[in-house]
Amino acid sequence: MSPETTAPRSLAEALRARDDASLSALLRSRPDLITPVPTDLTQLATRAGTRASVVRALERLDRFTLQTAEALAVAREPATYDELLGLLAGDDGDPAATAAFPHALATLREQALLWGADDRLRLVRTARELLAPSPQHPSPTGLGPTVGEATAGMSPGRIQEIVTAAGLATTHDSVSAVASLSALFSDRSRMSALLDEAPAEAVEVLSRLVWGPPYGQVTAEPAPHLRWLIARGLLLPTAPGTVVLPREVALHLRAGRAHRVTQPVAPAVEAATVHGPGAVDTAAAGQAYTTLATVEELLKDWHEGGPPVLRAGGLSVRDLKRTAVALDVPEPVAAFWVELAYAAGLVASDGEADERYAATPAYDTWLELPAAERWARLASAWLAATRTAGLVGGRDAKDRTLSALGPGLDRSSAPEVRHRVLTLLAGLPEGASPDADSLLARLHWERPSRAVRPAPDDPRARLARWTLSEAELLGVTGRGALSAQGRALLGLPAPAGATATEPSGPGDKLPAHHKRRAVPPVTAPPPHSPAEQAAATARAVALLAPLLPEPLDHVLLQADLTAVAPGPLERPLADTLGVLADVESKGGATVYRFTPASVRRALDAGRSASDLHAFLAAHSRTPVPQPLAYLIDDMARRHGHLRIGAASAYVRCDDEAVLNEILADKRSQEFGLRRIAPTVLVAQADPTTLLAGLRTMGFAPAAESAEGDVLISRAHAHRTPPRQAPEPVPDGPPVPDATLLGAAIRAIRAGDLASTAPRKEDPAAGRPGDGTLPRTSSAETLATMQAAVMTGEAVWIGYVNAEGAASQRVIAPIRVEGGFVTAYDHTADEVRTYPLHRVTGVAELAEDQS
């Protein structure tokens, strides 16, 4: 009989009857089964039934498919198609559940959680153990044990009493009595007649237990209505003082439903407000520009070496607060920017003895890219990162505080949740922002937990909320709606266009008659090849670039010693202005303030007064104000009037009166100054300390080299050695590609052929099918091989490789010479050469398999 006409007796037989496409779908949906590649289908079936693999598969079912598995776990084994459908659709035949049932059943079968024909459906044993009700682990259905399970330890006499009280004829054994009672409780008409006789209080008790939990407490002397129920087996004792509602009774009271509420249809993601697509893209582009400015400001703040690394790793709370103040953002937002720069490989620890965080060499390369490409690098890093900034400040399993850039922030499901949330946003009308509660409900339906409703602390719900806020910060969304550049970055096709009823104004409420675009099916984000990812990134860059403001080459100087930059500045202009002035305020326009300290900073960097005047005149759309010109000239006249070098340090000045003033000032005593010449003082302090001290006293000294030249001080750019961006923590084995799947299925098929091929009975070679290797002498092995070459028949051999691993193989010998046999190996599906001394033995196959 062929597998198609014979009902499978095990999961292995069911898998053996599948075609290659079906096996590929199984291995793609459950990639843990292919790591490593099973030797045959029996091993594949065994691995598919292990607890860890089954739990992982159940966690990835949608709500209705999981409800189908839960219903099958409380059905009799094996169950029929109609019986299982009745548990989901009820006696009234819910049309939505009836329509969704075939797909749910096919999903369970495809993922090898269910096997058997439609008239003999069986749940994998491990899945049944996980989902079936027990006192320690109640079923999500709220059902209790069957009559047979609840009466397992009951005396035969008590069972006969219950049967008699229920109006049934007594039997000669307990088994038939329990069967008779179960048949009564499962018969709708007879059960209705029995309950019609029940006291009203008894019916009320049953109504409180019907949807679970099915267990209740009773006293030693129950009330009459409870005694009526217990006497007829409608409540059965499970322990002293405890009774349970049998499953058959509960199903009758529920009108055949296993669940109080079935959810055959995914809840729709509702739109809260709709904005014009142009407004969304513009808002997102503005936030994208803010992203670039914020990351640059963060790395500029850490330019000469950032905060130290904690011994346990990460930033201290104090350093995170300081960074938040520097960026003018709340601490959670500062943690996000720090983690984003780290995920993009722009910041890392320097690895020194006094370890600190600093920019990486990749940051300098990133700065040279066009603005849109820089944003795409950051957004792509965020989409793929498993590190979750929202956890910063929380506690780990050992009650330790989770710090930014520290350990414990990886959540392997974060990339999948981000992709899924953004994909659901793409299913809304163009420009629509989602209702957060409906979005969370949809995610909960796709990956349900034990709770019926999503809890606030549910990991996926928290990741989804963080995704919405982080996408807005990053500019992937604008005003809560997915932007065109965000859609392109995900590799999603551009929408065909807005619907006719879509409001165009920002913030307009979605009309009740507005028709939502169909929501995409529930699927994991498809794996993109590097070429596809590059194409998606290029399309996002092309969409974003025209929306970003063009850098300006000018500022507006004002008489109050400030300069206003009405937009982003070209990098050389921004760098020079950042040295010459201090940033006073940021926003749409940046305000810079000129101070004596900032001008001195520019002079220290090697700029002369004439250079500064020329720079301001060239880049200001307004005349250089007289107060600013005076400030520059005054600081230039005083700059370098004093010279400081190494003695430990010395001070020289042509004006003896200035040196007398320094010596007379009590604040100079800490430097240990003394005169060695009319125009020279020496100090015990080092040049850097002396330079800073004299500036604090109100002087404007300049440092000089040993040759007497003025030293030009520039900001020291501290960089880490080359660093790789942190690798995301995978959420289980990766989904295998088509090449790996094809090779794995060929190997599994070949191994299955070797393990199941019938062999001729040969006591010397071992019994067929017992898993032992054939054993023959060297002479017998050689003779059998030579005979097989002449006849062209296949043989079964045992083989031990160089690592000592033993295996069974089915080969067709082609040539035997020099101590080697060359043969076509059916197990590997290729021609191989084997040393004869590694062959443990050989046996002929049965005639119908040769």
Side-chain angles (χ1 to χ4, degrees), residues 70-71 74-76 86-87 90-92 132-171 173-261 452:
E70 292 165 353
V74 298
R76 67 183 183 90
L87 290 173
D91 293 345
D92 54 351
S134 68
Q136 296 78 21
H137 303 285
S139 168
T141 62
L143 293 170
T146 63
V147 172
E149 293 167 347
T151 58
M154 192 176 290
S155 66
R158 175 64 184 133
I159 294 175
Q160 296 296 338
E161 291 176 2
I162 293 175
V163 168
T164 303
L168 300 173
T170 58
T171 63
D173 60 273
S174 298
V175 175
S176 59
V178 169
S180 176
L181 193 62
S182 298
L184 169 63
F185 292 163
S186 301
D187 190 310
R188 294 287 187 268
S189 58
R190 295 165 61 196
M191 188 65 178
S192 297
L194 177 62
L195 291 177
D196 288 342
E197 304 172 2
E201 297 87 346
V203 175
E204 174 64 23
V205 170
L206 294 180
S207 67
R208 291 199 298 268
L209 297 178
V210 63
W211 293 110
Y215 295 91
Q217 301 294 321
V218 294
T219 61
E221 293 294 332
H225 64 279
L226 291 176
R227 289 200 300 270
W228 190 94
L229 294 172
I230 294 172
R232 289 157 180 78
L234 298 174
L235 292 178
L236 292 171
T238 58
T242 303
V243 293
V244 67
L245 180 68
R247 189 180 305 170
E248 293 87 345
V249 177
L251 287 175
H252 172 81
L253 297 172
R254 297 179 177 194
R257 291 179 178 270
H259 297 84
R260 187 168 196 164
V261 177
V452 176

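Residue numbers count from 1 along this sequence.
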#### Entry: Straight-line distance of L226 CG to L234 CG, nearest 0.5 Å
11.5 Å

### Query
OG of S182 to CZ of R76: how many Å apart, nearest 0.5 Å?
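With rounding to 0.5 Å, OG (S182) is 12.0 Å from CZ (R76).
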
### Task
Taking all non-hydrogen atoms of both residues into account, name the closest pair between Y215 and P145 and its distance.
OH-CD, 3.8 Å

### Task
Of all the heavy-atom pairs spanning A198 and A202, show the shortest one and how long it is.
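Heavy atoms of A198 and A202 come nearest at CB-CB, 4.4 Å.
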
### Task
Tell me, please, which residues at least two apart from D173 pass salt bridge (charged side-chain N to carboxylate O under 4.0 Å, His left out).
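Counting only residues at least two positions away or on another chain, D173 forms no salt bridge (charged side-chain N to carboxylate O under 4.0 Å, His left out).
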
### Any residue meeting salt bridge (charged side-chain N to carboxylate O under 4.0 Å, His left out) with R188, in chain and number order, not counting sequence neighbours
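Salt bridge (charged side-chain N to carboxylate O under 4.0 Å, His left out) check on R188 returns D91.
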
Which donor-acceptor pairs under 3.5 Å do side chains of residues 245-259 form with protein atoms, sequence neighbours excluded?
unit_1, atom_1, unit_2, atom_2, d
R247, NE, G144, O, 2.9
R247, NH1, V74, O, 2.8
R247, NH2, G144, O, 3.3
E248, OE1, V147, N, 3.1
E248, OE2, V147, N, 3.4
R254, NE, V210, O, 2.9
R254, NH1, T141, O, 2.9
R254, NH1, A258, O, 2.6
R254, NH2, T141, O, 2.9
R254, NH2, G142, O, 3.4
R254, NH2, V210, O, 2.9
H259, NE2, E70, OE1, 2.8

### Query
Pairs in or reaching into residues 210-221: which pass salt bridge (charged side-chain N to carboxylate O under 4.0 Å, His left out), with residues at least two apart or in two chains?
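Residue pairs with at least one partner in residues 210-221: there are none.
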
### Message
For R227, give me all partners under side chain to side chain donor-acceptor pair (under 3.5 Å), at least two apart in sequence or on another chain.
### Response
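For R227 there are no side chain to side chain donor-acceptor pair (under 3.5 Å) partners, ignoring immediate neighbours.
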
#### Entry: Contacts of type side chain to side chain donor-acceptor pair (under 3.5 Å), residue R190, not counting sequence neighbours
none

#### Entry: Contact list for residues 199-212, test side chain to side chain donor-acceptor pair (under 3.5 Å), sequence neighbours left out
none

### Message
Would you say that L206 contacts L195 through its side chain, given a criterion of any heavy-atom pair below 4.5 Å between the two side chains?
### Response
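Result yes, sub-4.5 Å side-chain heavy-atom pair found.
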
Throw together a table of side-chain donor-acceptor distances under 3.5 angstrom for residues 153-167, partners on residues two or more places apart or in other chains.
unit_1, atom_1, unit_2, atom_2, d
S155, OG, R158, N, 3.3
R158, NH1, E161, OE1, 3.4
R158, NH2, I230, O, 3.2
Q160, OE1, T171, N, 3.2
Q160, NE2, T171, O, 3.2
Q160, NE2, T171, OG1, 3.2
T164, OG1, Q160, O, 2.9

### Message
List the residues meeting side chain to side chain contact (heavy atoms under 4.5 Å, CB included) with E197, not counting sequence neighbours, and say none if there are none.
### Response
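Partners of E197 under the side chain to side chain contact (heavy atoms under 4.5 Å, CB included) test: L194, W228.
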
### Query
Could you walk me through whether V243 and L229 pass the side chain to side chain contact (heavy atoms under 4.5 Å, CB included) check?
CA-CA 10 Å; V243 293; L229 294 172; over 6 Å; no

